[in-house]
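Taking it in order: structure first as structure tokens, then the write-up.
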Number of protein chains: 2
Amino acid sequence: MAPNSATRTLGGRPSPAAEDYLKTIFALGSSGDAASVSTIATRLGVSRPSASVMLKRLADEGLVERVDRHRHLLTSKGRSDALRVVRRHRLIEAFLAATLDMPWDEVHAEAELLEHAVSDRLEARIDAALGHPTHDPHGDPIPPRQGDHDEAWHEPLDAAPPGATFRVERVSDRDSAALRHLAALGITVGSTLVVGEREPFGGPLWVRVGRRRRALGPGLSRLVHGAVQEGQR
Amino acid sequence: MAPNSATRTLGGRPSPAAEDYLKTIFALGSSGDAASVSTIATRLGVSRPSASVMLKRLADEGLVERVDRHRHLLTSKGRSDALRVVRRHRLIEAFLAATLDMPWDEVHAEAELLEHAVSDRLEARIDAALGHPTHDPHGDPIPPRQGDHDEAWHEPLDAAPPGATFRVERVSDRDSAALRHLAALGITVGSTLVVGEREPFGGPLWVRVGRRRRALGPGLSRLVHGAVQEGQR
DNA sequence: CAACAAAGTTAGTCAACTCTAACTCAGTTT
DNA sequence: AAACTGAGTTAGAGTTGACTAACTTTGTTG
């Protein structure tokens, strides 16, 4: 209840709204999608004019560069601000999972709410308490406090050849129902699957999890990323 | 990054600013101070006109009642909203102390930032994980999710008779430097002190903590509340 | 090439909060 | 009683971020 506690502790950060834009542009960049006004607006659930105006503001502030009418890139300042938000987000996810046994389909939404309110000091304490974790519960890499960061994705399960042994390294956190479903099938980060046949026409992909056969709809198998085990290629 | 995640999850709550006003009025009510426009403005670090306007709005919304020009009371709806914020705040403090060993002088500021961003679901998980705690690290009682709540303070150390054995039950969280100082003296919630003589003219109060004698300045001894042990009165 | 659709922008509003400056009103002082 | 003082309010304006409606611009397609 101290006066201005919010401003004091969190000073120097972009506004929550701006942080959301930066984070979204970063995510689009990592996944190779075009960061156009429209895709950004859609991802954030705002109107196109709102996104247009905000992007202009971010460009004026030197956080975003308009490459052409349909592509926005983060400047190095913008990227580092985005990485700070992403780092906070993923540390919070790891923290909630570790301390509250919160399931992986819930942590994302909570982190979405908390990421703008966690101070640098709290972030540092969480990081230390967890022993400087490198990945969140979905296998997303946690950017370091300083220095650069590699967001590279593994191969999608989608693309693994039949018969391969596939180790799950990372699962998209965007769809919490999908995460719940995967958990129910016994598929999580670190699971090892044996890839079976894919049925034609967008049918399910069959995989073996332990000694059970499971069907993964086409939407699901695209969310699961990992690596084909050695000598299996 | 889901659209409108904030609105969806936190829907139905007063705005963060409104929650701060309600919380402040509640705190002033508990401590017996007059909840005038000026005191509320001062506590929140806003100008008097801002507080005046906001209080009018809260009154229009049925959360606050203007008793007279210098007294604002919470309505029952306002009180229950305030209790929800206070509950969140204190649960967060307890959670941070328990999971991160965060010292008692830091948890308040962090909770101040987080209390508006913690969802009902997360609140419930924290409450359960801590085994439904009844008090935060400063000894402040955590209001129940439903039903009423007693904010009553114990006796200030200030008022304990010389020679009494005094058990610390609660320490004001407002002054974090004071909390650090008390911790350094070995005084925390649950400590037992033996009250010594008070020096005249606002001088320090001497207390025995374990086998050490400690001086508490007049500001400090007023922050420490507790109970004189049986048969000592 | 003309027409249409998709994407982006501009203009005008709105809502929630904040501020300062200037006022009113009530209760002292002198 | 006049004047001062403190508290509260009103008025006007700024900020941030969103919206809709109505453009323009661009690119595709008949």
Side-chain angles (χ1 to χ4, degrees), chain A residues 1 3-8 10-25 28 33-61 63-73 81 85 112-113 116-117, chain B residues 1-8 10-25 28 33-61 63-73 81 112-113 116-117:
Chain A
M1 215 123 37
N4 298 321
S5 56
T7 327
R8 177 165 29 85
L10 263 25
R13 285 190 195 165
S15 70
E19 285 190 336
D20 282 338
Y21 279 87
L22 295 175
K23 196 179 52 168
T24 299
I25 297 168
L28 288 170
D33 294 317
S36 64
V37 170
S38 293
T39 49
I40 293 167
T42 304
R43 284 279 188 117
L44 286 172
V46 301
S47 70
R48 260 179 296 154
S50 300
S52 177
V53 167
M54 179 63 102
L55 285 168
K56 189 192 179 73
R57 206 187 100 194
L58 294 173
D60 289 348
E61 288 172 12
L63 300 174
V64 163
E65 229 177 336
R66 309 142 120 26
V67 177
D68 64 35
R69 201 68 77 281
H70 298 264
R71 261 197 213 311
H72 295 80
L73 290 185
D81 281 353
V85 187
E112 204 68 24
L113 295 168
H116 307 297
Chain B
M1 215 123 37
N4 298 321
S5 56
T7 329
R8 177 164 28 83
L10 261 27
R13 285 190 194 164
S15 70
E19 285 191 335
D20 282 338
Y21 279 86
L22 295 174
K23 197 179 52 167
T24 300
I25 297 167
L28 287 170
D33 294 316
S36 65
V37 169
S38 293
T39 49
I40 292 167
T42 303
R43 285 277 188 120
L44 286 172
V46 300
S47 68
R48 259 178 297 153
S50 299
S52 176
V53 167
M54 179 64 102
L55 285 168
K56 189 193 180 73
R57 207 188 100 196
L58 293 173
D60 290 347
E61 287 171 12
L63 299 174
V64 162
E65 229 177 338
R66 309 143 119 25
V67 176
D68 63 37
R69 201 72 76 280
H70 299 264
R71 260 198 213 311
H72 296 80
L73 290 185
D81 282 353
E112 205 68 24
L113 295 169
H116 306 297

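Here the structure is a predicted model, which is why all the values come from computation and not from measurement. The sequence lines fix the lettering, A, B, ..., with proteins before strands; numbering per chain opens at 1.
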Kindly say if Arg48(B) contacts the phosphate of dA22(C), meaning a side-chain N or O under 4.0 Å from OP1 or OP2.
no

Please confirm whether the shortest side-chain N or O distance from Ser47(B) to OP1 or OP2 of dC19(C) is below 4.0 Å.
yes

Tyr21(B) vs dA16(C): side-chain N/O to OP1/OP2 distance below 4.0 Å:
no

Send over the distance from Met54(A) CE to dA18(D) P, rounded to a whole Å.
5 Å

d(Lys23(B) NZ, Asp20(B) CG) to nearest 0.5 Å is 4.5 Å

Tell me every residue that passes side-chain contact (heavy atoms from CB on, under 4.5 Å) with Glu61(A), counting only those two or more places apart in sequence or in another chain.
Arg57(A), Leu58(A), Leu63(A)

Detail all sub-3.5 Å separations between protein N/O atoms and N/O atoms belonging to nucleotides 25-27 of chain D.
none

Among residues at least two apart in sequence or on other chains, which ones pass side-chain contact (heavy atoms from CB on, under 4.5 Å) with Pro49(B)?
Ser47(B)

Between C1' on dT16(D) and CZ on Arg13(A), what's the gap in Å once rounded to a whole number?
19 Å

Going from NE2 on His116(A) to OG on Ser15(A), what distance comes out if it is rounded to the nearest 0.5 angstrom?
9.0 Å

Distance, nearest 0.5 Å, that separates NE2 of His72(B) from CG of Leu22(B):
12.0 Å

Nearest-Å distance, CD (Glu61(A)) to P (dT15(D))?
13 Å

For Val37(B) and Val46(A), find the nucleotide of DNA chain D closest to each by heavy atoms; which residue's nucleotide sits nearer the 5' end?
Val37(B)

Atom-to-atom span, CG of Leu58(B) to P of dG8(D) - whole angstrom
16 Å

Distance check, rounded to the nearest 0.5 Å: His70(A) atom NE2 versus Thr39(A) atom OG1?
10.5 Å

Do any side-chain nitrogens or oxygens of Ser52(B) fall under 4.0 Å of OP1 or OP2 in dT9(D)?
yes

For Arg66(A) and dG8(C), what is the distance between atoms CZ and P respectively, to the nearest whole Å?
10 Å

Respond yes when some side-chain nitrogen or oxygen of Ser50(A) is under 4.0 Å from OP1 or OP2 of dC19(D), and no when none is.
yes

Taking only side-chain nitrogens and oxygens of Ser38(B), does any of them come within less than 4.0 Å of OP1 or OP2 of dG8(D)?
yes

Spacing of CD1 belonging to Ile40(A) relative to OH belonging to Tyr21(A), to within rounding of 0.5 Å:
8.5 Å

Could you state the atom-to-atom distance from NE2 of His116(B) to P of dA16(C) in whole Å?
17 Å

Rounded to whole Å, CG of Asp68(A) lies from P of dA7(C) at a distance of 14 Å

Is there a side-chain polar atom (N or O) of Ser15(B) under 4.0 Å from OP1 or OP2 of dA16(C)?
no

Has Arg71(A) got a side-chain N or O lying under 4.0 Å from the OP1 or OP2 atom of dA7(C)?
no

To the nearest angstrom, how far is Ile40(A) atom CD1 from dA18(D) atom P?
13 Å

